[in-house]
Colleague: 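Here it is, the structure, as structure tokens.
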Amino acid sequence: MIKKFRLGNPFNTEAVVSEIKLSGLKSFPLTLSEGEKTVIKFSLDNDDMIFGLGETVRGINKRGWIYESWCSDETNHTEDKRSLYGAHNFIVVNGGEKFGLFVDFPSKIEWDLGYRNPDEAVIEIYGKDADIYYISGESEIDIVKQFRKIIGKSYIPPLWAFGYQQSCWGYAKQEDFVNVRENHKKNNLPLDCIYMDIDYMERFKDFTVNKELFPDFKAFVDEMKENNIHLIPIIDAGVKKEKGYFVYEEGHEKGYFCTDKDGNEFECGVWPGIVGLPDFLNKDARRWFGSKYKALTDMGIDGFWNDMNEPAIFYSVNGLEKAFKKLDEIKSKEVDIWGFFESKNAVLGVQNSMEDYSSFYHNADGKKICHKDVHNIYGAFMTKAAGEYFEEEFGKEQKLIFSRASYIGAHRTSGIWFGDNFSWWEHILLNLKMLPSVNMCGFLYCGADLGGFNNHATRDLLLRWLALGVFTPLMRNHRALGTRAQEAYQFGDCKDFADVLAVRYRLIPYIYSTFRRCSENGDMMFKPLAFEYPEDKVAREVEDQLMLGEECMIAPVYEQNKSGRNVYLPEDMTFVKLSGENVTKKEMKKGLHYVEISLNEVPLFIKNGKNIKLSKPALNTAKLDTENLENLL
Ligand code: MIG
């Protein structure tokens with residue numbers, strides 16, 4: 001049962017698509033107090049667990065930490081953080097009474113889930129206008145399904161987007177892309193997509209292609225397609241302010257950029273230099289920006305990733321000026337150690353500052369709204385602009401589109417990736433933990449940068465990470481500029497990589513059909529064990545294994561120098577190891593086990609009485625035979 005409560009006059013975030021009649025606030029089942037902030041409280045019993053919040057740090061059970069809904073360009077996904085790129089305001093509490101809570105509110109929310117007081121959850125909504133949904137149900141998954149029903153079905157990308165994908169910030173020349181393609185082919189490594197990061201553009205200008213690097217871009221895209229490779233360019237939120245640049249000039253003329261308090265275009269610095277931020281909250285501006293993707297779809301491009309759309313602001317023109325003034329001030333006195341810290345903070349504080357987010361405005365249907373009050377839907381609306389345009393222009397399931405920033409609702413037209421992680425072992429585990437949380441919020445097409453974005457990957461780390469990635473809908477290897485090359489062919493003998501990647505292609509029919517089913521009926525692809533075995537005390541607390549679909553459990557190796565791992569079986573299962581075309585099977589009893597897993601093997605556990613179907617491996621999805629499948633068991 002879903003009850004909807006309205007406070008004030010909330011902004012329409014478009015998260016919920018069903019009409020739900022309002023209940024009186026008097027019947028709100030938790031403690032709620034109104035004021036400058038709206039505060040919801042409920043007490044927590046010893047055994048209560050809390051799931052959800054989508055893309056965040058820490059555990060599958062979110063209890064015991066404090067989180068913030070505030071879309072952030074946060075490149076350090078360590079456990080001291082409170083928010084990452086998405087704002088996914090949905091939790092499920094499994095206590096004596098099980099319930100779900102969705103706070104539909106586009107600005108900041110603080111979720112103290114037993115942090116200040118271990119026995120209490122305190123949710124502070126930074127405003128007076130919000131829709132709050134309270135969902136009661138029989139089980140965690142029942143509550144999730146009710147929620148997913150009211151937010152609408154999840155986006156489904158084309159089948160080829162389930163192939164293996166290679167990315168790197170640094171590919172620039174045509175030759176770079178051809179090399180990636182040929183090296184995969186030569187080494188028997190499958191591949192479906194190669195990503196184009198910001199360097200393909202003309203000085204980082206959206207919807208342009210550098211002519212020196214790509215003299216005939218369309219011909220190049222075609223040539224790649226003939227080789228069954230899709231090129232996936234990046235689009236950034238900020239539009240370079242430059243005379244003669246068509247995107248800027250059109251947007252400027254129509255008044256489609258965010259403005260400062262006086263109505264002048266707000267100016268900030270990101271990769272292209274000084275940019276205007278398109279006003280994605282303005283319907284016309286949104287449609288206009290969406291239609292700009294045509295410049296690239298006309299060239300044969302059929303997939304995109306949207307970046308920097310929290311929005312990330314390196315500096316605002318005003319903010320930088322202020323910081324310089326501050327430095328001058330400090331310099332004019334005798335600089336001591338405190339002066340040093342003050343200088344440092346003045347400069348660092350320029351990036352992604354609350355002061356900047358509070359100083360520009362949107363024009364939403366004629367209403368002037370301060371950005372900070374709607375911050376969390378900016379990136380979602382950018383990506384929705386593209387997704388809606390693609391559906392109108394090309395039909396459903398034709399284009400790949402995913403975003404860095406997101407809010408619930410964007411899951412209907414796009415996927416997400418988990419942003420700038422590190423080539424750290426602990427980030428394999430973080431990748432796993434995020435999967436069920438984002439699934440709860442509707443985001444099914446998702447994945448992390450496999451091998452890690454920042455820092456330097458090692459052979460064993462990449463192999464272990466890929467053995468988790470074979471299960472995630474988005475399976476993309478991506479890294480940052482200046483880090484160690486991490487394509488699968490960069491670590492000597494490629495055989496182990498070929499074995500792991502072959503497993504992905506063998507699993508695509510299963511992953512794809514599970515994905516479609518979950519989109520259709522609001523199910524999660526990945527569930528915590530606690531959802532399926534609520535009475536099993538050990539299963540409830542498992543944080544490094546997940547249930548996949550209705551048939552499987554996954555338990556990847558995520559530690560260095562380990563030739564196996566401990567795994568808990570909540571029921572009798574068949575332990576399967578997949579490697580290339582090889583499959584080894586072993587029946588195992590419920591309970592704790594140690595299993596050995598080599599670097600070229602993908603472990604998978606199949607529930608008693610269940611089975612899944614596999615295809616033959618292929619070097620890309622175009623060559624994948626999805627008709628003639630064989631039973632795994
Ligand atoms: O400031 O486009 O998360 O995937 O490679 C960094 C360069 C901007 C951040 C994205 C990352 C991408 C990078 N971008």
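Numbering of ligands and ligand atoms starts at 1, following listing order. Each residue takes its place number in the sequence, starting with 1.
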Colleague: Thinking salt bridges, do R464 and E559 make one under a 4.0 Å N-O criterion?
Modeller: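 No salt bridge links R464 with E559.
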Colleague: Kindly indicate whether a cation-pi arrangement holds for K399 with F394, taking the cut-offs as under 6.0 Å to the six-membered ring centre and within 45° of the axis.
Modeller: yes
Colleague: Go through the steps for H478 and L450 under the test side chain to side chain contact (heavy atoms under 4.5 Å, CB included), then give the verdict.
Modeller: CA-CA 6 Å; H478 180 47; L450 302 173; over 6 Å; no
Colleague: Is E14 paired with K384 through a side-chain N to carboxylate O contact shorter than 4.0 Å?
Modeller: yes
Colleague: Cation over ring, K372 on Y357, under 6.0 Å and within 45°?
Modeller: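 No, K372 and Y357 do not form such a contact.
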Colleague: Collect the protein residues that have a non-hydrogen atom under 4.0 Å from ligand 1 and hand them over in chain and number order.
Modeller: W169, D197, I198, I234, W271, W305, D307, M308, F314, R404, W417, D420, F453, H478
Colleague: When you compare the side chains of D176 and Y200, does any donor N or O come within less than 3.5 Å of an acceptor on the partner?
Modeller: no
